[in-house]
K.L.:
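Got a structure here, written out as structure tokens. Questions coming.
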Amino acid sequence: MINPEHNQYLVSNYAPPPLEIISGKGSYLWDSKGSKFLDFTSGIAVTNIGHTNSHWVDSVKKQINELVHCSNLFSIPQQVKLAKRIVEKIGPGKMLFCNSGAEANEALIKFSRLVGNKTTENNRFKLLVAENGFHGRTMGALSATSSPKYRMGFEPLLEGFEFAPLNNIEAFKSKIDKQTIGIMVESIQGEGGIRVASDEFLLGIEELCKENGLLLLLDEVQAGIGRTGEFLGYQKSGITPDAIAIAKGLGSGFPIGGIWLAEKWGNIFQPGSHGTTFGGSPLACSAANAVLDIIENENLVDSAKEKGSVFAKGLMNLKNNYPNHIDEIRGRGLMLAMVMKAPPTSLIENMRDLGLLVVGAAENVIRFLPPLTVSESEMNDALRITEAALQKLCQKPIK
Ligand SMILES: Cc1ncc(COP(=O)(O)O)c(C=O)c1O
């Protein structure tokens, strides 16, 4: 049973299982009763370097002793270092830091409005966004999110967003009008159920943007920071965006987000036009710099690709063994989904009871998001537990 004080003192916008997580190391979490869990949630694609990595912990501790916060009233050396490292991984441009994925997308949306107002004669402002995407819970990011389940009850939302199905170039093309300023998509939809934007589609929208003078905006909040076997998910396709939102894995647990703006747009935000008190603090940037150290030193981007293909093969075997339950395996790198033929709630519970934590997503999807540091034996354990949970499910009628 969940601690009754949880429900007494916390707003009921989450519905956690009766599990109190109190510590973590590498790919494992422990609860308050001492039970150990293999964590294939990574805090929803955040702790990409695993829990309490010693280099990360030492860097954060060192920074806490030196300086935690001073605000963007001043130049922050850790921020400059982080911006340079990210720019070198993406391409010529500049960074603006904030605190979360939603906030990064707010900055992307504000960027598009600024471009529309400053550079187009008719102040274009509409963004064309993929259906089934997820961009966050703030009013702008929510307005860019099509699913009624997130929007319901919060209307009226911001005007200026239109939606078209992912991977359907013709549908995107047909929605462009004189007020459209840009197109915004995730390279792999995370909350939407690990739906991969095909290279053909990404190249197609790049072309559409070029033809119509539109901005190409990418939300790499979930698919970014090595998870898909590229530093950012879109990089496999070879497209050149105008702006990108990142967050989640960047701090590997310390809240930090940011946007990258292509060189051409690097000076569009002028002093006073946008800002945040906490964004890019010395502490947040030290955490993120430590994440990049670990990703680089341990070659985690390339290894995510290799480990992902091994794990995906294991999931495919399960699909072949349980064709009545599993519909499809999809995703890339260590951002993988097992698409079930029925709602997966009881399967996820079975997996948890057997010591494996995973995340659900839209459309009967179970997401496997292990840390990029996951070992082969941990992946084998996860497959073994998933199979045992499926066997347990087979003993009962499908819910
Ligand atoms: C693709 C994407 N964009 C934005 C967000 C919002 O990020 P945050 O929860 O940090 O605000 C998420 C969160 O799941 C996401 O998956």
Side-chain angles (χ1 to χ4, degrees), residues 11 13-14 16 40-48 96-112 127 129-147 149-151 154 157-158 161 163 166 182-197 202 216-228 230-235 241 243-260 276 278-280 284 287-288 291 331-337 358-363 365-369:
V11 170
N13 59 326
Y14 301 109
F40 273 43
T41 72
S42 297
I44 323 183
V46 168
T47 49
N48 287 6
L96 180 159
F97 291 107
C98 56
N99 309 285
S100 69
E103 220 185 299
N105 284 324
E106 291 296 324
L108 273 197
I109 295 164
K110 285 181 78 175
F111 160 67
S112 71
L127 282 177
V129 191
E131 280 171 13
N132 199 43
F134 180 81
H135 301 288
R137 308 283 190 156
T138 50
M139 290 306 273
L142 187 60
S143 305
T145 299
S146 68
S147 286
K149 87 169 177 185
Y150 300 114
R151 298 166 68 97
F154 299 107
L157 297 176
L158 223 62
F161 295 88
F163 302 98
L166 185 74
I183 296 180
M184 175 176 176
V185 295
E186 291 161 85
S187 63
I188 299 184
Q189 293 184 332
E191 300 307 304
I194 314 290
R195 295 197 165 270
V196 180
L202 291 175
L216 178 50
L217 311 179
L218 296 173
D219 178 347
E220 288 286 345
V221 168
Q222 191 158 153
I225 324 297
R227 179 145 296 279
T228 66
E230 307 287 338
F231 181 65
L232 300 181
Y234 81 92
Q235 287 173 321
I244 307 170
I246 55 174
K248 286 195 184 267
L250 182 59
S252 211
F254 198 95
I256 179 167
I259 62 167
W260 169 91
T276 149
F278 295 121
V291 170
R332 213 163 61 217
L334 290 170
M335 188 170 182
L336 293 168
V358 289
V359 209
E363 298 179 16
V365 162
I366 294 180
R367 270 179 288 179
F368 293 87
L369 304 168

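All ligand and atom numbering here is 1-based and tracks the order in the structure.
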K.L.:
Show which atoms of ligand 1 fall inside a sub-4.0 Å distance from at least one heavy-atom site of E186.
P.N.:
1 (C)
K.L.:
Under 4.0 Å from any heavy atom of N105, which atoms of ligand 1 are there?
P.N.:
3 (N), 4 (C)
K.L.:
Do the non-hydrogen side-chain atoms of L232 and I244 ever get within less than 4.5 Å of each other?
P.N.:
yes
K.L.:
Flag the pair R367 / L336 as yes when at least one side-chain heavy-atom distance between them is below 4.5 Å, and no otherwise.
P.N.:
no
K.L.:
Consider ligand 1: state whether an atom of it lies below 4.0 angstrom from any non-hydrogen atom of K248.
P.N.:
yes
K.L.:
Side chains of E131 and S146 only: does a donor on one sit below 3.5 Å from an acceptor on the other?
P.N.:
no
K.L.:
Which atom pair, heavy atoms only, marks the closest approach of I256 to F97?
P.N.:
CD1-CD2, 4.0 Å
K.L.:
Do ligand 1 and G136 have nitrogen or oxygen atoms that lie under 3.5 Å from each other?
P.N.:
no
K.L.:
Which heavy atom of A337 sits nearest a heavy atom of V365, and at what distance?
P.N.:
CB-CG1, 3.6 Å
K.L.:
Of Q189, E191, R227, which meets side chain to side chain donor-acceptor pair (under 3.5 Å) against Q222?
P.N.:
E191
K.L.:
Between N48 and S42, is a side chain to side chain donor-acceptor pair (under 3.5 Å) present by the stated rule, with each step listed?
P.N.:
CA-CA 7 Å; N48 287 6; S42 297; 5.1 Å; no
K.L.:
What part of A247 sits under 4.0 Å from ligand 1 if we count only heavy atoms: the side chain, the backbone, both or neither?
P.N.:
neither
K.L.:
For atom 10 (O) of ligand 1, what's the nearest protein heavy atom and its distance?
P.N.:
G101 N, 2.8 Å
K.L.:
Hydrogens and angles aside, do T276 and N99 bring a side-chain donor and acceptor to less than 3.5 Å of each other?
P.N.:
yes
K.L.:
Consider every N or O of D219 and every N or O of ligand 1, then say whether any pair is closer than 3.5 Å.
P.N.:
yes
K.L.:
Does ligand 1 have an atom that lies less than 4.0 angstrom from a heavy atom of I44?
P.N.:
no
K.L.:
What part of T138, side chain from CB on, backbone N/CA/C/O, both or neither, has a heavy atom under 4.0 Å from ligand 1?
P.N.:
neither
K.L.:
Nearest to atom 2 (C) of ligand 1, what protein heavy atom do you find, and at what distance?
P.N.:
F134 O, 3.2 Å
K.L.:
With nothing but distance in play, are any N or O atoms of Q222 less than 3.5 Å from an N or O of ligand 1?
P.N.:
yes
K.L.:
For a salt bridge (Lys or Arg N to Asp or Glu O under 4.0 Å) check, start with the C-alpha distance between R332 and E230, then their side-chain angles and the critical distance, and finish with the verdict.
P.N.:
CA-CA 10 Å; R332 213 163 61 217; E230 307 287 338; over 6 Å; no
K.L.:
Within the structure, does A102 bring an N/O atom to less than 3.5 angstrom of an N/O atom in ligand 1?
P.N.:
yes
K.L.:
Select one of side chain, backbone, both or neither to describe which atoms of R137 lie under 4.0 Å from any atom of ligand 1, heavy atoms only.
P.N.:
neither
